[in-house]
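Worksheet: the structure to be examined is printed underneath.
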Amino acid sequence: MSKNITLIFKYGIFCYNINMKAPAFKEFTNQLDTVTTDGFIFEWQVNDPRERIVGLLIDGKVVGLVKFSREFSSRYNRIESIEVMKEYQGQGYGAMLMAFVMMDSFSNDGFEGFVALTSKSDGTENFYLHLGAKQRTKQLMIFDTEASQYVVSKYLPNGGIFK
């Protein structure tokens with residue numbers, strides 16, 4: 001039995017079944033306001049108009065979330081928070097959320113796929129290094145164009161190319 005995987009974007013939905021060749025898009029309004037985030041550690045609210053939240057659902061249940069902002073003055077996306085429920089970790093869902101943020105970065109003029117985040121100091125930086133991040137300081141992780149292309153091509157259907 002295949003899982004129905006859905007990525008919800010605040011004011012829109014990106015949805016695909018892992019057996020489909022391409023994702024299907026359907027618009028919703030304030031979808032995240034009606035989805036339960038029980039069991040998550042972080043508070044998942046948008047506090048700044050530049051912030052976006054993407055949710056990953058499996059069979060209708062939210063299992064992962066990422067909050068990011070578009071930094072137009074510096075031309076990169078900054079991940080504020082990313083979280084996958086413990087029982088779903090290690091299955092590529094965090095990387096899928098990261099890939100969505102990277103794809104968004106490629107879609108903004110001059111961003112060229114650049115993404116930055118501040119890692120917790122609990123070993124999670126190994127996850128980001130595994131995906132190709134460059135560690136600038138103990139906690140600052142940077143994904144350049146090449147690293148983002150790799151993650152998008154590996155973790156999104158059709159390498160993030162939607163027809």
Side-chain angles (χ1 to χ4, degrees), residues 1-48 50-70 76-108 113 115-120 122-133 141 143 147-163:
M1 185 169 105
S2 68
K3 296 178 182 173
N4 184 24
I5 299 175
T6 307
L7 286 169
I8 291 184
F9 192 52
K10 179 77 175 172
Y11 307 118
I13 188 167
F14 166 90
C15 172
Y16 68 93
N17 183 299
I18 58 175
N19 292 328
M20 292 174 61
K21 289 188 176 184
F25 291 86
K26 185 174 180 183
E27 290 297 320
F28 287 89
T29 304
N30 297 322
Q31 179 70 27
L32 286 177
D33 296 338
T34 63
V35 173
T36 181
T37 55
D38 294 342
F40 285 91
I41 297 168
F42 298 124
E43 185 173 318
W44 291 98
Q45 295 181 6
V46 172
N47 300 315
D48 182 311
R50 294 174 302 164
E51 292 178 340
R52 305 287 184 264
I53 296 177
V54 175
L56 175 68
L57 285 78
I58 296 179
D59 296 327
K61 178 182 178 184
V62 178
V63 300
L65 294 162
V66 62
K67 183 188 331 183
F68 70 99
S69 59
R70 296 176 180 136
Y76 70 94
N77 280 352
R78 169 170 286 289
I79 293 177
E80 309 295 338
S81 305
I82 183 167
E83 184 176 4
V84 174
M85 293 183 87
K86 191 164 187 72
E87 60 268 28
Y88 292 91
Q89 292 176 4
Q91 300 177 51
Y93 300 131
M96 190 179 288
L97 288 166
M98 299 274 304
F100 190 91
V101 175
M102 293 165 177
M103 190 177 74
D104 182 85
S105 177
F106 281 118
S107 72
N108 288 294
V115 173
L117 62 89
T118 302
S119 175
K120 294 189 280 180
D122 64 355
T124 54
E125 60 274 354
N126 291 329
F127 168 69
Y128 304 119
L129 292 169
H130 162 75
L131 293 176
M141 311 299 273
F143 290 88
S148 290
Q149 285 172 334
Y150 165 76
V151 174
V152 168
S153 68
K154 183 170 181 179
Y155 292 98
L156 287 183
N158 298 321
I161 300 171
F162 309 111
K163 299 173 185 179

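Throughout, residue positions are numbered sequentially from 1 according to the sequence presented.
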Can you measure from CG (Asp104) to CZ (Arg52) and round to the nearest 0.5 angstrom?
8.0 Å

Atom OG in Ser81, atom CG in Leu97: separation rounded to 0.5 Å?
12.0 Å

For the CD atom of Glu87 and the CD atom of Gln89, what is their distance to the nearest 0.5 Å?
8.5 Å

Checking side-chain contact (heavy atoms from CB on, under 4.5 Å) for the pair Phe143/Tyr128: CA distance, chi angles, key distance, verdict?
CA-CA 9 Å; Phe143 290 88; Tyr128 304 119; 4.0 Å; yes

Tell me the closest heavy-atom pair linking Gly132 and Ala147, and the distance in Å.
O-CB, 3.4 Å

Distance, nearest 0.5 Å, that separates CZ of Arg78 from CD of Glu51
11.5 Å

Test item: Glu83 side-chain N/O and Ile41 main-chain N/O as donor-acceptor pair under 3.5 Å
yes

State the NZ-CG distance between Lys154 and Leu131, to the nearest 0.5 angstrom.
8.0 Å

Which atom pair, heavy atoms only, marks the closest approach of Phe127 to Gly94?
CZ-C, 3.8 Å

If I compare all heavy atoms of Ala99 with all of Tyr155, which pair ends up nearest, and what's the gap?
CB-CB, 4.2 Å

Non-hydrogen atoms of Thr124 and Ser119 that approach each other most closely
OG1-OG, 3.1 Å

Work out which heavy atom in Tyr93 is nearest to a heavy atom in Tyr88; give both atom names and the distance.
CD1-O, 3.4 Å

How far apart are the C-alpha atoms of Met102 and Leu156, what are their side-chain angles, what is the distance that settles it, and do they pass the side-chain contact (heavy atoms from CB on, under 4.5 Å) test?
CA-CA 11 Å; Met102 293 165 177; Leu156 287 183; over 6 Å; no

Between atom CD1 of Ile82 and atom NZ of Lys67, what is the distance when rounded to the nearest 0.5 Å?
13.0 Å

